[in-house]
Protein chains: 2
Amino acid sequence: MINVLIADDHQMFIDGIRALLQDIPGIKVVGEACNGKEAIIHCRENQVDIVIMDVNMPEMDGVEATKELFKTNKKLKVLGLSMHRDRHFISDMLKSGANGYILKNTGKKDLLDAIYSLYKGETYVSEEVNKILLASFLKDSSKYEVKERLSERESEVLDCIAIGLTTLEIGEKLFISKNTVETHRKNLLYKLKAKNTAELVNNAYKRGLIN
Amino acid sequence: MINVLIADDHQMFIDGIRALLQDIPGIKVVGEACNGKEAIIHCRENQVDIVIMDVNMPEMDGVEATKELFKTNKKLKVLGLSMHRDRHFISDMLKSGANGYILKNTGKKDLLDAIYSLYKGETYVSEEVNKILLASFLKDSSKYEVKERLSERESEVLDCIAIGLTTLEIGEKLFISKNTVETHRKNLLYKLKAKNTAELVNNAYKRGLIN
DNA sequence: AATTCAATCCCTGAAAACAGGGATATTGAT
DNA sequence: ATCAATATCCCTGTTTTCAGGGATTGAATT
């Protein structure tokens, strides 16, 4: 019996996957979580083999939760899951130790294939995910793939930029000089490879850095 | 027997809802669609009572599809559905004729309640949706709720802004003067109530105007 | 002990965006 | 026929962003 935990912030999605797996012999949904923290607590207290982990969640996202989970439980398998086909989700998740990755726009079959593969100890990524990863390799290799994660402060500044505050206003709000905000803005543009604030917000959304 | 069509661009979500409704006596999932156009075609060719319609879809979104559906079939019921709790999705959808609305982060129970209510000819919005609508009423009433839909050209300009193009670059790309682009940008800022491009992109995302 | 990272602060000049006017042509609806 | 909406174009002056340097501090890691 494969014990599965579903971690996603959309209850209806959880209910759906639950119903879908319900009829599959050999698989049992032993719990659910609506954010990363809940998932970790659940995995500590119960016997879980595979976590189906959404990347974008409030409180603690899938990437952080996965890192945390592997610190204590090496045998656990994590299947990454996201809506958007952005390569950063995928690579972040796999780098954090996830054993597989599928997109929400793939169907039931891929999900089951992934679960069985992971349980056997294999790595599984769906065909589409494979294409995305391959394309990303061919394009710019790994030399630019380091500066990605934002610091606490940078995230705050990013949020302020997104709601339309100017550099000066952000400084006032966060009690720092506008020059400091400028520096953070500069680093954000660099890290998210954006030419200006508009693209910055756009890229932030695509990578799930906002909401 | 209630004949249900599911329209969502995420196959896994469709599969999940399908599995969830499968066990419910009196409800039958008679088809699925991954965008608005497919949904319309399906409703023409088959007997459908209720369409579970995601708001954000490629090709043709839920709002347009709903309008189109009611032109030919008055008896049809449409249940709007979205991830984000933005009031614009909800009001746009209900104005287009949708008979109900629920969020994806509500569970199985709300979905079933909604389906049964709609089938009886009632309108259904989940408790959370109700709160959002109420709060929106209390805040600014309907006086600002007119200038919302973007023109074809404005959408094009918006997309260009989001990918980081400057006014001049957009003008060159669309073969129009930079002054014209300025005007469109101005109108976009007004329509989306944004103070600058960063907030513009942010609001556009929240209202599903991008992707 | 040395190093890296995050956070803070500072400056200048060029480029872009924003606010605010104003104007014309076309189309589709009333 | 008139009106509203859309798309097009133009100008000026101010504000903000962006690119490009620079620097210091403290905390955590090696």
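As the structure is a computational prediction, the values presented were derived from the model and not from experiment. Computed over heavy atoms, backbone and side chain alike; hydrogens, waters and symmetry mates excluded. Within every chain, numbering begins at 1; the chains are lettered A, B, ... in the order of the sequence lines, protein sequences first and strands thereafter.
Overall, the helix from C/dA1-D/dT30 to C/dT30-D/dA1 carries an axis bend of 60° between its ends, with five pairs at each end and the value rounded to 10°.
Judged as a side chain to side chain contact (heavy atoms under 4.5 Å, CB included), and not counting sequence neighbours, the contacts of B/Ser117 are B/Glu122, B/Tyr124. Scanning for ring-ring contact (aromatic ring centres under 6.0 Å, His included) contacts around A/Tyr205 gives B/Tyr205, with sequence neighbours left out. Taking A/Gln47 as the reference, A/Asn3, A/Asp49 meet the side chain to side chain contact (heavy atoms under 4.5 Å, CB included) condition, with sequence neighbours excluded. For the side chain to side chain contact (heavy atoms under 4.5 Å, CB included) test, residues two or more places apart in sequence or in another chain that qualify with B/Ser151 are B/Arg153, B/Glu154. Scored by the salt bridge (charged side-chain N to carboxylate O under 4.0 Å, His left out) test, A/Lys195 finds A/Glu199 as partners (sequence neighbours excluded). With sequence neighbours excluded, no residue forms a ring-ring contact (aromatic ring centres under 6.0 Å, His included) with A/Tyr119. Applying the salt bridge (charged side-chain N to carboxylate O under 4.0 Å, His left out) criterion to A/Glu169, with sequence neighbours excluded, gives no partner residue.
One interatomic measurement links the two molecules: CG of B/Leu189 to P of D/dT15, which rounds to 18 Å at whole-angstrom precision. One can place CD1 of B/Ile170 at 12 Å from P of C/dA16, the figure rounded to the nearest angstrom. To the nearest angstrom, P of C/dG20 lies 13 Å from OH of B/Tyr190. Rounded to whole Å, the distance from NZ on B/Lys195 to P on D/dT15 is 17 Å. In this structure, CD of A/Glu152 is placed 18 Å from P of C/dC5, rounded to the nearest angstrom. In this structure, CD of B/Glu154 is placed 6 Å from P of D/dA7, rounded to the nearest angstrom. Remark: P of D/dT8 and CD of B/Glu156 are 8 Å apart, rounded to the nearest angstrom. With rounding to whole Å, B/Leu168 atom CG is found 15 Å from D/dC9 atom C1'.
Pairs engaging residues 53-83 of chain A under the ring-ring contact (aromatic ring centres under 6.0 Å, His included) rule: none recorded [sequence neighbours left out]. Screening residues 28-41 of chain B for salt bridge (charged side-chain N to carboxylate O under 4.0 Å, His left out) gives B/Arg18-B/Glu32, B/Lys37-B/Glu59 as the qualifying pairs, with residues at least two apart or on separate chains.
Between B/Asp54 and B/Lys104, at least one side-chain N (NZ, or NE/NH1/NH2) sits under 4.0 Å from a carboxylate O, which counts as a salt bridge.
Candidate nucleotides D/dA19, D/dT6, C/dA17 were compared by shortest atom distance to the side chain of B/Thr197, and C/dA17 ranks first.
Listed in residue order, the members of residues 159-167 of chain B having a heavy atom less than 4.0 Å from DNA chain C are B/Thr166, B/Thr167. The stretch residues 172-187 of chain A comes close to DNA chain D through A/Glu182, A/Arg185, A/Lys186, each having a heavy atom under 4.0 Å from the strand.
Distance alone, capped at 3.5 Å, places no donor-acceptor pair between the A/Asp9 side chain and the A/Met57 backbone.
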